[in-house]
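Notes to accompany the following structure.
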Number of protein chains: 2
Amino acid sequence: MTVTIKDIAKASGVAPSTVSRVIADNPAISQATKEKVRQVMADLHYYPNYNARRLASRKSRTVGIVLPAASDAFYHNPFFPTVLRGINEAASQAQYALLLSTGEGDQTRLDHLQNMILGKQVEGLIFLYASREDPLLQFALSQDCPLVVIGNLPGIDVNRVDNDNPAIAYQATRHLIKRGAKKLAFIGGDPKQQFVKERLAGFSQAMEEAGLDLADGAVYNDLPFLQSPGYELARRELLKKDFDAFVFADQLLAEGAYQAMRQLGLDPSWMVTFKAYSDPDLGQIEGYPYFDLHSQDLGYQAMQVLLEVLAQAEDAHCHRYIYQCVTSDFISNE
Amino acid sequence: MTVTIKDIAKASGVAPSTVSRVIADNPAISQATKEKVRQVMADLHYYPNYNARRLASRKSRTVGIVLPAASDAFYHNPFFPTVLRGINEAASQAQYALLLSTGEGDQTRLDHLQNMILGKQVEGLIFLYASREDPLLQFALSQDCPLVVIGNLPGIDVNRVDNDNPAIAYQATRHLIKRGAKKLAFIGGDPKQQFVKERLAGFSQAMEEAGLDLADGAVYNDLPFLQSPGYELARRELLKKDFDAFVFADQLLAEGAYQAMRQLGLDPSWMVTFKAYSDPDLGQIEGYPYFDLHSQDLGYQAMQVLLEVLAQAEDAHCHRYIYQCVTSDFISNE
DNA sequence: GTGAAAGCGCTAACAG
DNA sequence: CTGTTAGCGCTTTCAC
């Protein structure tokens with residue numbers, strides 16, 4: 001029924017291995033036979049079977065995308081589609097396929113990850129989140145599965161790509177201070193997230209350097225990364241205490257707070273945040289300054305790093321961990 | 001090196017085929033041997049190789065996700081991650097894997113799709129967009145690849161899931177008219193998109209029924225589905241002509257226009273749109289009413305329909321096309 | 001209930 | 001440059 005490599009071999013009077021080599025565009029094959037074989041392949045509508053190929057070569061040319069446990073906070077954040085687009089782009093160029101790690105619950109996610117790794121479905125992984133105690137990461141590491149993490153995990157040796165969070169938070173804070181802010185608040189959301197810690201560090205450093213001290217209760221945590229908590233917080237707290245400027249570690253929290261500020265007729269240019277991407281045409285509209293984290297590039301670089309890791313694993317080179325820093329742009333309409 | 005089914009067979013004193021049956025939980029195998037074999041599998045850390053399994057069984061248990069050509073408009077829209085989450089959930093439950101159709105350019109996308117189908121990588125496809133002349137869809141159809149489209153393609157027989165666009169646009173328009181709107185504008189964006197046509201139809205019907213007529217130039221097209229064009233349009237056009245209410249076919253265009261209205265101190269409750277999801281806590285914040293399209297459910301149902309199609313393909317049942325309508329909720333804080 | 005044997009469609013030494 | 005020969009690890013008749 002299906003036309004296989006053997007059919008092509010017979011029809012073009014060569015051996016199956018020759019056909020295989022033609023498919024791989026092996027330089028050892030003469031141009032003449034290549035053309036002949038290709039012609040036959042076209043005539044017979046031959047198409048290589050990926051499963052057979054993967055089995056025989058023990059290479060899947062597929063990478064797994066590992067998502068955190070499903071939550072609104074993750075799926076509502078522009079980070080996810082943006083970074084995925086970047087990964088997609090790089091994977092496509094390198095002829096790699098992307099397999100999504102499905103699964104809502106924690107156990108399911110681990111099961112799926114095991115399927116991927118132990119079932120030889122993927123050659124490597126990209127983690128779209130960084131979490132220190134993550135059982136999925138632990139498992140992947142324990143299996144020596146090549147991987148790259150988007151984010152930072154101090155003390156854990158992994159390949160990773162990330163923005164320079166302390167530096168951008170520092171600059172963002174400096175921006176507000178230079179404009180004259182004295183009583184700043186930092187809205188972190190979840191202090192267990194490494195990027196929150198790092199942005200807080202940058203914030204604190206800028207404060208300290210400017211001789212400003214952190215008022216009691218000026219650091220807000222325990223907020224899911226969504227719009228409504230930002231909105232609620234702004235109405236309930238921030239705008240009642242006499243803060244004069246705000247650094248939001250998360251884009252969605254910032255957006256919620258922005259709504260509240262608009263409603264109350266407050267000037268949003270006293271807040272700053274970090275976004276997955278920027279719409280250049282939107283420059284004049286954005287009510288507040290932010291860092292464009294270039295999340296698409298983050299994804300693209302993550303895939304590039306993984307490809308490098310995969311290549312060096314093959315050449316059995318030394319095991320050096322790669323860290324790729326992705327730059328960010330400060331966007332302000334002042 | 002790797003422990004295979006044969007090793008298990010030897011170690012537990014049965015035939016490879018028996019081990020295979022144990023993996024599949026075949027009822028023909030006695031409980032006793034099942035347990036014995038499973039014990040050995042655990043002891044030896046056996047894990048089935050998916051590529052071998054897929055090759056031998058000629059079933060991939062994988063579905064391909066087909067995305068439109070990469071564009072900001074697609075990746076910036078909450079529709080994509082939301083619908084993907086729903087697909088993910090259903091796929092996970094059914095033990096299906098998801099393969100993303102990578103590719104930026106049109107030719108690349110087609111190539112990848114061919115790889116997926118002809119290379120036997122997927123059993124079916126979910127199209128995250130509906131486009132009449134789409135070469136990818138044409139190709140998939142020509143190969144009789146089981147598929148479901150999210151959206152509508154009148155005149156083309158395909159399995160699909162969708163919202164009832166005419167009905168919700170009708171209701172949205174009615175809402176504005178009941179409130180007293182007389183001069184309404186419809187901001188479509190791209191009239192080639194089927195959902196825009198359908199929402200326009202619902203809009204027009206409501207207008208007609210109310211005895212209102214469409215002013216010249218009251219239908220806006222040729223706008224990318226992004227925030228900034230919505231913003232620009234609102235500032236440049238909408239708010240200068242004396243429209244008193246607006247129906248936005250697209251969420252992002254609406255968001256842009258909303259910014260403009262806020263800046264100009266206008267009441268946004270005279271606009272209405274359609275969103276991928278709603279944040280229940282955000283009810284009081286939202287400045288304008290909208291339909292929640294339940295895009296996550298759209299994705300979930302799409303996967304369910306595909307599973308049905310796959311099942312009935314196996315049973316060689318009659319070829320009936322499935323249409324699954326997903327309900328939407330009107331969200332308004334009035 | 002279980003085993004033997006024949007593939008699934010391709011790759012990869014090893015020859016020549 | 002090309003052919004021969006073994007597999008890759010699993011599923012699936014068909015026997016018994």
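Just so it is clear, the structure is predicted and the values come from calculations on it, not from any experiment. We name chains A, B, ... by the order of the sequence lines, and we start the count at 1 in each one.
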field: ring-ring contact (aromatic ring centres under 6.0 Å, His included) against A/F74, all qualifying residues, sequence neighbours excluded
entry: A/F80

message: For chain A and DNA chain C, what are the first and last nucleotides along the strand, 5' to 3', with at least one atom under 4.0 angstrom from a heavy atom of the protein chain?
response: C/dG9 to C/dC14

message: Once side-chain contact (heavy atoms from CB on, under 4.5 Å) is applied, do any residues pair with A/S30, and if so which ones, sequence neighbours excluded?
response: A/A32, A/T33

field: Five-pair end axes of the helix from C/dG1-D/dC16 to C/dG16-D/dC1, angle between them (10°)
entry: 30°

query: Can you name the side-chain contact (heavy atoms from CB on, under 4.5 Å) partners of B/N115, sequence neighbours left out?
result: A/Y47, A/Y50, B/H112, B/Q121

field: Any donor-acceptor N or O pair under 3.5 Å, side chains A/Y129, A/Q194
entry: no

- request: Please name all residues satisfying side-chain hydrogen bond (donor to acceptor under 3.5 Å, both in side chains) with A/N49, sequence neighbours left out, ordered by chain then number.
  value: none

query: So, do B/H76 and A/Y277 have ring centers that fall under 6.0 Å from each other?
result: yes

- request: Using heavy atoms and a sub-4.0 Å distance, could you list which residues of residues 6-14 of chain B are near DNA chain C? By number, please.
  value: B/G13, B/V14

- request: Starting at CG of B/N159, measure out to CD1 of B/I150 and round the result to the nearest 0.5 Å.
  value: 12.5 Å

Enumerate, atom names and distances included, each donor-acceptor pair closer than 3.5 Å involving a side-chain atom of residues 1-13 of chain B, sequence neighbours excluded.
unit_1, atom_1, unit_2, atom_2, d
B/T4, OG1, B/K6, N, 3.1
B/D7, OD2, B/T4, N, 2.7
B/S12, OG, B/I8, O, 2.5

Contacts of A/D162 that satisfy salt bridge (Lys or Arg N to Asp or Glu O under 4.0 Å) - sequence neighbours left out: A/R160

field: DNA chain C contacts made by residues 24-37 of chain A, counting heavy atoms under 4.0 Å
entry: none

Neighbours of DNA chain D within residues 46-53 of chain B, by heavy-atom distance under 4.0 Å: B/Y46, B/Y47, B/P48, B/N49, B/A52, B/R53

task: Hey, could you give me the CG/CZ distance between B/N152 and B/R132, rounded to the nearest 0.5 Å?
output: 8.5 Å

Using atom names, set out every protein N or O paired with an N or O of nucleotides 13-16 of chain D below 3.5 Å, distance rounded to 0.1 Å.
unit_1, atom_1, unit_2, atom_2, d
D/dT13, O4, B/R21, NH2, 3.3

